[in-house]
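Just below is one structure, and these are the notes that go with it.
The analysis underlying the following values was restricted to heavy atoms, covering all of them including side chains, and did not include hydrogens, waters or symmetry mates. Note on naming: letters A, B, ... go to the chains in the order of the sequence lines (proteins, then strands), and numbering restarts at 1 for each one.
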2 protein chains.
Amino acid sequence: MTKARKTVLEVVEQEGSPLSARQIGARIAGHDTATVYRALHYLEEKGLIDSFVLHCDRHGTERYYTTGGACHRHWFHCVECHRFIDLGECVVGDMIEKIGRQKGLAVTGHTFFATGLCADCQAAGKMPGRLPSDTCSTQTD
Amino acid sequence: MTKARKTVLEVVEQEGSPLSARQIGARIAGHDTATVYRALHYLEEKGLIDSFVLHCDRHGTERYYTTGGACHRHWFHCVECHRFIDLGECVVGDMIEKIGRQKGLAVTGHTFFATGLCADCQAAGKMPGRLPSDTCSTQTD
DNA sequence: TCAATTTTGCAAATCATTTGCAAAATACTG
DNA sequence: CAGTATTTTGCAAATGATTTGCAAAATTGA
């Protein structure tokens, strides 16, 4: 494991919540953007980190990286302060594997995250853009 | 509703499965890419269509659009033939709203989709890239 | 230690998506 | 219905995340 890769992995592990390549690069001094991306690909290939793509109006569409391996978790993204909040371990994996199997599908992965307002932003009186509908397969931010 | 917007909406509604802006543009003659994107933004703003961002190795990272409104569904994406298969109506909305509420979060949206091998590609003997682990918050394609 | 392989930095290229701007289409007013 | 105000469209250029070519630097192996 080269120094660059080790550094990237440490940043992701120490953060505790999802980070974009841009954010990771900003936490690392003296490493090129391309090196960060290549390190992230390497680490994901090795199963050491996981990732998902999320779009928010502040940061645009970016891939976010989290610690991988055994512990797969899901995340909530606040559309106001743009912080991630841990929703706990995966609760949809078994369910979707079963639904898929009934349709003859071999489900090997899934992407899931929720969006809305975190407690702080609700207290600050912020209102989400689109309140009532719980849009499935849709991000409202 | 202008002609361009109506045409885009019809394409999405008639397709029945998610389409990217690129694919929609290809199904429409004589409309600029920018017009297609603006029409999609308009239709999503009006709640007539929904969307989600998915990355696959063949098409890269793209936003896919589906019919919106009352009927929110989830999709399976085959990592081999890159077709979408309907998994049925949303089954995670209530669950995640409840989990979020316990943490003080106001969940207003979520993104969910599964990936793997469809029945046809399994029959054709294709093997998914990463077989066993059901990676949460992760796409394996 | 020297050659072979891999990784890095830099700059340029990609690719989906967005935006400025003037022309075209549509809506509104009298 | 004409005339003006508003919105939408097409085209071209800009954006921004991510990728890639290539030569230098670092690492590995003999």
| field | Member of A:Glu10, A:Glu15, A:Gln14 meeting the side-chain hydrogen bond (donor to acceptor under 3.5 Å, both in side chains) criterion with A:Arg27 | value |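 That would be A:Glu15; it is the only one of A:Glu10, A:Glu15, A:Gln14 passing the side-chain hydrogen bond (donor to acceptor under 3.5 Å, both in side chains) with A:Arg27.
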Answer with base, sugar-phosphate or nothing: what part of the nucleic acid does [X] contact at a heavy-atom distance below 4.0 Å?
X	answer
B:Arg38	base
B:Thr61	sugar-phosphate
B:Ala39	nothing
B:Gly30	sugar-phosphate

| message | Between P on C:dT17 and OH on B:Tyr64, what's the gap in Å once rounded to a whole number? | response |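 So the two atoms are 9 Å apart, to the nearest Å.
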| Rounded to whole angstroms, how far apart are CG on B:Leu54 and P on C:dA16? |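 About 14 Å, once rounded to whole Å.
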| request: Give me the ring orientation class for B:His82 and B:His77: parallel if the planes are under 30° apart, tilted from 30 to 60°, perpendicular past 60°. | output: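 The arrangement is tilted - the two ring planes meet at 30° to 60°.
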| request: Evaluate the side-chain proximity of B:Val79 to B:Leu117: yes if any heavy-atom separation is below 4.5 Å, no if none is. | output: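 They are in side-chain contact.
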| said: If hydrophobic clusters are built by linking Ile, Leu, Val, Met, Phe, Trp and Tyr wherever their side-chain heavy atoms come under 4.5 Å apart, do A:Tyr37 and A:Met1 end up in the same one? | reply: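 The answer is no; the residues belong to distinct hydrophobic clusters.
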| query | If you count the non-hydrogen atoms of other residues, nucleotides and ligands that lie under 6.0 Å from CZ in B:Arg22, is the total more than 12? | reply |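 It does: B:Arg22 CZ has more than 12 such atoms within range.
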| field | Contact nearer the 5' end of DNA chain D, comparing A:His59 with B:Asp32 | value |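 So the residue in question is B:Asp32.
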| message | On a heavy-atom basis, which atom in B:Gly16 and which in B:Trp75 lie closest, and how many Å separate them? | response |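 Closest approach of B:Gly16 to B:Trp75: O-CH2, 3.0 Å.
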| What heavy-atom pair brings A:Leu105 and B:Ala119 nearest, and what distance separates the two atoms? |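 Answer, listing the atom of A:Leu105 first, then B:Ala119: CD2-N, 4.1 Å.
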| query | Quick one: do the A:His74 and A:His110 side chains pair a donor with an acceptor below 3.5 Å? | reply |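 Present: a donor and an acceptor within the cut-off.
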| From the 5' end of DNA chain D to its 3' end, which nucleotides mark the outer limits of contact with chain A, defined by a 4.0 Å heavy-atom distance cut-off (strictly under)? |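 Extent of the interface on DNA chain D: D:dA17 to D:dG21.
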| query | Nearest nucleotide by nearest heavy atom, which residue falls closer to the 5' end of DNA chain C, B:Glu62 or A:Lys3? | reply |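 Here A:Lys3 is the residue nearer the 5' end.
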| For DNA chain D, which residues in residues 4-11 of chain A have a heavy atom at a distance below 4.0 Å? |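 Residues of residues 4-11 of chain A that come under 4.0 Å of DNA chain D do not exist, since none gets that close.
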| task | Assert yes or no for the condition that the ring centre distance of A:Phe113 to A:Tyr64 is strictly below 6.0 Å. | result |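 They do not qualify: ring centres at least 6.0 Å apart.
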